[in-house]
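Worksheet: one structure, shown below.
The figures here come from the full heavy-atom set of this structure, side chains too, leaving out hydrogens, waters and symmetry mates.
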Amino acid sequence: MEIFVYEESKLHYTFGLPKKKSRNNSNPHAFELVEIQLICKSEHLWLDVSGKKNIRKCPQISTCITMESKDFKNPEKTRRAMHDQLRNCQFPLFECKVIVDELIELANQHCNRSVLVDDRRVLNLGVKFDMSRRYKQIKKNDSNAMAKTHLKKSCKICEEDIFGGSAIIKMPCKHIFHFNCMKDWLERNIGCPTCNPN
């Protein structure tokens with residue numbers, strides 16, 4: 001049986017701001033609303049025992065969060081709002097907290113970029129995420145690693161039992177699927193089908 005298990009993940013992120021300062025901002029130190037555009041790209045890399053790479057890129061997710069200024073400046077509220085939007089990407093909570101702290105600091109530095117929308121000051125921010133996850137193939141003689149995969153389950157994608165010589169994959173959330181089922185799933189979706197069936 002071929003078993004691929006999650007090994008590590010890497011997250012790169014960049015912030016975006018309006019290119020020009022607002023000309024009609026009478027109060028450069030205040031904004032009432034914050035709009036945060038979130039763009040997430042994700043890819044999964046599988047390495048077999050020979051070192052051959054198999055990469056699947058997931059669809060890009062783009063979503064927007066609109067928050068009152070007082071809520072945005074509360075790091076816990078902003079972190080929770082961001083994580084709720086990105087949970088389908090299995091976004092790490094601790095990294096989300098770091099990003100929020102940097103985002104609030106960035107907003108405070110660029111208050112003068114807010115624009116007037118329906119008589120309210122709005123500051124537009126953006127965060128682009130590039131998430132990569134790597135899996136490695138367990139050697140067939142690694143009995144301890146194979147035992148940890150808990151194979152007495154069925155594949156959530158095809159709803160068939162996982163048994164015999166099937167190639168399987170263990171995701172970061174510890175859920176297990178047929179290898180080929182998961183490859184096909186990730187071409188159309190982001191994240192684990194058990195954690196986020198929709």
>> In the structure I gave you, are the side-chain heavy atoms of Asn54 and Asp48 within less than 4.5 Å of one another anywhere?
In response: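 Result no, sub-4.5 Å side-chain heavy-atom pair not found.
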> Is Pro59 close to Ile190 at the side-chain level, that is, under 4.5 Å between some pair of heavy atoms?
Replying inline: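 Yes, at least one pair of side-chain atoms sits under 4.5 Å.
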[atom2] on [Y] to [atom1] on [X], rounded to 0.5 Å:
X: Arg113; Y: Asn124; atom1: CZ; atom2: CG; value: 11.5 Å
X: Thr66; Y: Glu35; atom1: OG1; atom2: CD; value: 4.0 Å
X: Ile168; Y: Ile176; atom1: CD1; atom2: CD1; value: 5.0 Å
X: His110; Y: Leu125; atom1: NE2; atom2: CG; value: 9.5 Å
X: Cys192; Y: Lys174; atom1: SG; atom2: NZ; value: 12.5 Å
X: Lys156; Y: Cys195; atom1: NZ; atom2: SG; value: 10.5 Å

So, for [X] and [Y], which heavy atoms are closest and what is the spacing to 0.1 Å?
X: Leu123; Y: Ala107; result: CD2-CB, 3.6 Å
X: Met82; Y: Ile65; result: CA-CD1, 3.7 Å
X: Met182; Y: Pro193; result: CE-CD, 3.8 Å
X: Ser154; Y: Asp161; result: CB-OD1, 3.7 Å
X: Leu186; Y: Gly191; result: CD2-O, 4.0 Å
X: His83; Y: Cys96; result: N-SG, 3.9 Å

> How far apart are the C-alpha atoms of Cys155 and Glu160, what are their side-chain angles, what is the distance that settles it, and do they pass the side-chain contact (heavy atoms from CB on, under 4.5 Å) test?
Replying inline: CA-CA 6 Å; Cys155 175; Glu160 294 183 3; 5.7 Å; no
> Are more than 12 heavy atoms from other residues, nucleotides or ligands located less than 6.0 Å from atom NZ of Lys183?
Replying inline: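 Yes.
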> Just wondering, more than 12 heavy atoms not from Glu76 lying within 6.0 Å of its CD?
Replying inline: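 Result for CD/Glu76: enclosed.
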> Any idea how Tyr135 and Tyr6 line up, ring-wise: parallel (<30°), tilted (30 to 60°), or perpendicular (>60°)?
Replying inline: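 If you compare the ring of Tyr135 with that of Tyr6, the planes turn out perpendicular.
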> With under 30° as parallel and over 60° as perpendicular, where do the rings of Tyr13 and Phe15 fit, or are they tilted in between?
Replying inline: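 Plane angle over 60°, so perpendicular.
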>> Set out, in order, the CA-CA distance, both residues' side-chain angles and the distance that settles side-chain contact (heavy atoms from CB on, under 4.5 Å) for Lys128 and Gln60, then state yes or no.
In response: CA-CA 10 Å; Lys128 292 183 179 180; Gln60 179 174 290; over 6 Å; no
Under 4.5 Å between side-chain heavy atoms, counting indirect links through other Ile/Leu/Val/Met/Phe/Trp/Tyr residues: same cluster for [X] and [Y] or not?
X: Met67; Y: Leu38; value: yes
X: Leu45; Y: Ile169; value: no
X: Leu86; Y: Phe72; value: yes
X: Leu106; Y: Ile39; value: no
X: Met131; Y: Ile55; value: no

Give a yes or no answer on whether the side chain of [X] reaches the backbone of [Y] with a donor-acceptor pair at less than 3.5 Å.
X: Asn108; Y: Ile104; answer: yes
X: Ser69; Y: Phe31; answer: yes
X: Gln137; Y: Val49; answer: yes
X: Thr78; Y: Pro75; answer: no

> Can Asp84 and Arg80 be said to form a salt bridge (Lys or Arg N to Asp or Glu O under 4.0 Å), step by step?
Replying inline: CA-CA 6 Å; Asp84 286 346; Arg80 194 182 308 118; over 6 Å; no
>> Under the criterion salt bridge (Lys or Arg N to Asp or Glu O under 4.0 Å), I'd like the reasoning laid out for Arg120 against Glu68: C-alpha separation, chi angles, the key distance, then a yes or no.
In response: CA-CA 11 Å; Arg120 302 189 76 181; Glu68 296 280 347; 3.0 Å; yes
> Of Arg56, Lys52, Lys136, Arg134, which meets side chain to side chain contact (heavy atoms under 4.5 Å, CB included) against Trp46?
Replying inline: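 Going through the options one by one, the only one that passes is Arg56.
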>> Walk me through whether Lys57 and Lys41 qualify under side-chain contact (heavy atoms from CB on, under 4.5 Å).
In response: CA-CA 8 Å; Lys57 293 186 178 181; Lys41 296 189 292 184; over 6 Å; no
>> Let's go through Leu103 and Val34 carefully: what are the C-alpha distance in whole Å and the side-chain angles of both, what is the deciding distance for side-chain contact (heavy atoms from CB on, under 4.5 Å) to 0.1 Å, and is it a yes or a no?
In response: CA-CA 11 Å; Leu103 195 63; Val34 175; over 6 Å; no
>> Suppose we call two aromatic rings close when their centres sit under 6.0 Å apart. Are Trp185 and Phe177 close by that rule?
In response: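 No, they do not, as the ring centres are separated by 6.0 Å or more.
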